[in-house]
There are 2 protein chains.
Amino acid sequence: MSVTIKEVAERAGVSVATASRALSGGRGVRPANRERVLRAAKELDYEPNAVAAALRSRTTNSVGIVVPRISNPFFATLVEAVEREAARGGQGLLLSTSQYDPEVEAGQLRSLLDRRVDALIAVPCHSERSRAAIEAAGQRVPTVQLDLCLDGGGGSWVGVDSEAGILAAVEHLVGAGARTLAYVGSEPTDSSAQARLDGYRGAAPLCPGATERVLLGDFSLEWGHRAARRLLENRREMPEGIVCGNDTIALGVLRELARNGVDVPRRVMVTGFDDIPFAELAEPPLTTVRQPLEQLAAEAVRTLAARLGGGEEPHRRVAIAPELVVRASTRAAPPPR
Amino acid sequence: MSVTIKEVAERAGVSVATASRALSGGRGVRPANRERVLRAAKELDYEPNAVAAALRSRTTNSVGIVVPRISNPFFATLVEAVEREAARGGQGLLLSTSQYDPEVEAGQLRSLLDRRVDALIAVPCHSERSRAAIEAAGQRVPTVQLDLCLDGGGGSWVGVDSEAGILAAVEHLVGAGARTLAYVGSEPTDSSAQARLDGYRGAAPLCPGATERVLLGDFSLEWGHRAARRLLENRREMPEGIVCGNDTIALGVLRELARNGVDVPRRVMVTGFDDIPFAELAEPPLTTVRQPLEQLAAEAVRTLAARLGGGEEPHRRVAIAPELVVRASTRAAPPPR
DNA sequence: GACATCACGGTAATCGTTTACATCCCCGGC
DNA sequence: GCCGGGGATGTAAACGATTACCGTGATGTC
């Protein structure tokens, strides 16, 4: 069927061992022979069989990744960054989605392990029920949790420093003149929601009374609508700044405020979190905390590389500081008096 | 290291051949033996080595996919659908991105072939310069072009019936009372842009003068802005319906119209194409032609399955009719006189 | 009762590489 | 002139499954 290394070796007049050595790295082969092997390979249009190589060398040069879903632009961008990073290192990427179901997730992890991926990247879809499968996987290959992490945190993790991000948003709002704040976020069902909420509470000292108005629902547009309506009930006491747990919520809030004729940013300022593509396209464009996705991906791959190469690397937990992107939904300067 | 089929066979008291047969399908094995093998496998927590199986059986149970990028929500959803469909059939998905570079694309295809994927799905990033690599791949494994296709069209293809989609939009606009139309789309640099433009021209008979205003740029928000400004130059002659080549353009158009105080849908109706997530969130929500992504993915996988199983299947070209989703950016009924 | 048939199970070849180990050769040091 | 060392090669044994092929015993048919 397809041409094998044996035929290349024959044509080059060397043994398969030499051919193999010449083709992979070329160390320990006399230049003349290496030359002949490479030429023969080219002439025969030799395509190495990665499966056979993987079997013998116990290395597939591929990493597996499992995310809740890809249609979520946040994960999509993350996967893309990981793919690029992996491709740069000659690694293939086996992609699976858990669809937010820990059972499915476990099955996918298992399947990836059967396929003998060299390493795993996982965004745990549940902070507790994902534990067993992910820890089991971690026993067999280097595994890093990305973005989300397991409760109580075992294993390596690469994510964003949510507290710092929320703190930056709060500082910005206060600096821009907001005297009262509210937080609209998600119930802390996963580690990110938890960290963002913690971040808000931690920033409370900057603004007296900030923790009094904390509305928790889920990360959806509808929840943004509902929460905004709640805040609108008492127009006079409406806060001057609303910190949202993510951009989707913020967009819902923005829209509900617009419907009720509330001037953003003059009457109320709004911030989001993530910087999804449409944050920029909202009316007004949304000030938000940008997830450093490229850096997350790069760091995740780097962490794996470290654990692959150097034997018993300790578990790493890396939190990357995000960046505040200021747009028209907040003011840069204090309001004129 | 990890437990092999040999140990399973030993524990079950049979030969590896029998163990293998029992584990995969179980045909030609006496129930009693099969039972014992399965039990032994479970007890030892046996994980089959998919790499070894792949080498011998010349089947990796995996398909490769290469798309221009995943951060584009359209491709993301497509990939997700393909992944689900593949997982359903026990197939793994090897993901690559071409980043719109035919060279990179060729490299990725080659790498996937080295990894011996059973089949390939590709969204050609260029209608001509992708040809060589994709056709070469098609020689080695079943390959289907998804969404976009090569110029002149060789090989299998699964995509959407763009002409029918645009036609539906035009019919809808005319039915809702638009007497003058314009088209804002992309230069036909790829097969979709071409087909959508063709669709618009083909629908022209429904609305006299429709083909006089055809503005071509690229599939971007900015182009939507610019095109809208062009149409606004002569306010009186502004068309009553604007058919856009995709949703991104349409969102740009909508925004520019809003800035200029043009009432949508009363003065102008606007349609998009794709139904990206934000079409629904636009102000007003965008009437658009929804890509049947699930169906596309399912059909693509089905096409591959057909070509995998049944020897010399002929090339298929499948165009799936999309569905018009009517929202507030158009009116359902003719305007009151 | 002899013989063809059939279901089942074992032996061993095979998939296409990598790599451990042996060999050979060349060179320098003594 | 001999020996030790090291670099380049070749030989052949892995890697862990699947599967071609053959033997065996049971069954059915005449």
Side-chain angles (χ1 to χ4, degrees), chain A residues 1-38 40-41 44-62 90 92 111 113-118 140-141, chain B residues 1-38 40-41 44-62 90 92 111 113-118 140-141:
Chain A
M1 194 58 162
S2 104
V3 25
T4 74
I5 201 176
K6 198 172 151 198
E7 304 168 52
V8 173
E10 265 165 26
R11 176 176 257 257
V14 299
S15 72
V16 290
T18 303
S20 171
R21 283 187 279 253
L23 289 168
S24 54
R27 286 156 40 94
V29 176
R30 204 165 35 191
N33 273 344
R34 184 154 66 98
E35 191 65 23
R36 289 164 64 190
V37 170
L38 294 180
L44 294 174
D45 193 26
Y46 167 66
E47 303 191 11
N49 184 327
V51 174
L55 176 59
R56 175 62 229 235
S57 66
R58 304 167 148 283
T59 308
T60 51
N61 283 315
S62 61
S111 160
L113 287 176
D114 284 356
R115 296 190 140 86
R116 297 300 192 266
V117 292
D118 293 341
R140 317 210 3 81
V141 300
Chain B
M1 195 61 162
S2 105
V3 26
T4 73
I5 201 174
K6 197 171 154 200
E7 305 168 51
V8 172
E10 264 166 25
R11 175 176 258 259
V14 299
S15 72
V16 290
T18 304
S20 171
R21 283 186 280 253
L23 288 168
S24 53
R27 287 155 40 94
V29 177
R30 204 163 33 194
N33 274 345
R34 184 153 66 99
E35 190 67 22
R36 290 166 61 193
V37 170
L38 294 181
L44 294 174
D45 193 26
Y46 167 66
E47 302 191 12
N49 184 326
V51 174
L55 176 58
R56 175 63 229 238
S57 66
R58 305 167 147 285
T59 307
T60 51
N61 284 314
S62 61
S111 160
L113 287 176
D114 284 355
R115 296 190 139 84
R116 296 303 194 263
V117 293
D118 293 342
R140 319 214 356 86
V141 300

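Just so it is clear: chains get the letters A, B, ... in the order the sequence lines come, proteins before strands, and each one is counted from 1. Quick caveat, the model's predicted, so the values are computed rather than measured.
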For the side chain of [X], starting at C-beta, report the closest nucleotide among [options].
{"X": "A:Thr18", "options": "D:dG10, D:dT19, C:dG9", "value": "D:dG10"}
{"X": "A:Ala52", "options": "C:dT17, C:dT18, D:dT18", "value": "C:dT17"}
{"X": "B:Ser20", "options": "D:dT18, D:dA17, C:dT17", "value": "D:dT18"}
{"X": "B:Val14", "options": "C:dT18, D:dT9, C:dG10", "value": "C:dG10"}

Round to a whole Å and report the spacing from [atom1] of [X] to [atom2] of [N].
{"X": "A:Lys6", "N": "C:dG16", "atom1": "NZ", "atom2": "P", "answer": "10 Å"}
{"X": "A:Asn61", "N": "C:dT17", "atom1": "CG", "atom2": "P", "answer": "15 Å"}
{"X": "B:Ile5", "N": "C:dG9", "atom1": "CD1", "atom2": "C1'", "answer": "14 Å"}
{"X": "A:Leu55", "N": "D:dA17", "atom1": "CG", "atom2": "C1'", "answer": "8 Å"}
{"X": "B:Leu23", "N": "D:dG16", "atom1": "CG", "atom2": "P", "answer": "16 Å"}
{"X": "A:Arg34", "N": "D:dG7", "atom1": "CZ", "atom2": "P", "answer": "16 Å"}
{"X": "B:Arg116", "N": "C:dT17", "atom1": "CZ", "atom2": "P", "answer": "7 Å"}

If you compare every side-chain N and O of [X] against the phosphate oxygens of [N] (OP1, OP2), does one of them come in below 4.0 Å?
{"X": "B:Arg58", "N": "C:dG16", "answer": "yes"}
{"X": "B:Tyr46", "N": "D:dA17", "answer": "yes"}
{"X": "A:Asn33", "N": "D:dA8", "answer": "no"}
{"X": "A:Thr4", "N": "C:dG16", "answer": "no"}
{"X": "B:Ser57", "N": "D:dT18", "answer": "no"}

### Task
Report yes if some heavy atom in the side chain of A:Val37 is under 4.5 Å from a heavy atom in the side chain of A:Val8; otherwise report no.
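Answer yes - side chains close enough.
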### Query
Can you find an N or O donor on one side and an acceptor on the other, under 3.5 Å apart, linking the side chain of B:Arg21 with the base of C:dG10?
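When only heavy-atom distances are counted, B:Arg21 does reach the base of C:dG10 through a donor-acceptor pair under 3.5 Å.
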### Message
Given the structure, check if the side chain of A:Arg56 and the base of D:dA14 hold any donor-acceptor pair shorter than 3.5 Å.
### Response
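Checked by distance alone, the answer is yes.
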### Message
Has A:Ser20 got a side-chain atom pairing as donor or acceptor with A:Val16's backbone, closer than 3.5 angstrom?
### Response
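Not a single qualifying donor-acceptor pair exists.
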### Whichever of A:Pro31 and A:Ala17 has its nearest DNA chain D nucleotide further upstream toward 5'
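Upstream on the strand: A:Pro31.
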Give, for atom [atom1] of [X] and atom [atom2] of [Y], the distance between the pair rounded to the nearest 0.5 Å.
{"X": "A:Leu44", "Y": "A:Thr4", "atom1": "CG", "atom2": "OG1", "value": "9.5 Å"}
{"X": "A:Arg116", "Y": "A:Arg140", "atom1": "CZ", "atom2": "CZ", "value": "5.5 Å"}
{"X": "A:Asn49", "Y": "B:Asp114", "atom1": "CG", "atom2": "CG", "value": "8.5 Å"}

### Query
Heavy atoms under 4.0 Å, any strand shown: does B:Val29 hit a base, just sugar-phosphate, or nothing?
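If one applies the 4.0 Å heavy-atom cut-off, B:Val29 turns out to touch the sugar-phosphate alone, with no base involved.
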### side chain to side chain contact (heavy atoms under 4.5 Å, CB included), paired with B:Arg115, selected from A:Val51, A:Thr60, A:Asn61
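Looking at A:Val51, A:Thr60, A:Asn61, the match for B:Arg115 under the side chain to side chain contact (heavy atoms under 4.5 Å, CB included) is A:Asn61.
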### Message
With nearest nucleotide decided by heavy atoms, which residue, A:Asn49 or B:Arg30, maps closer to the 5′ end of DNA chain C?
### Response
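Its nucleotide being nearer the 5' end, the pick is B:Arg30.
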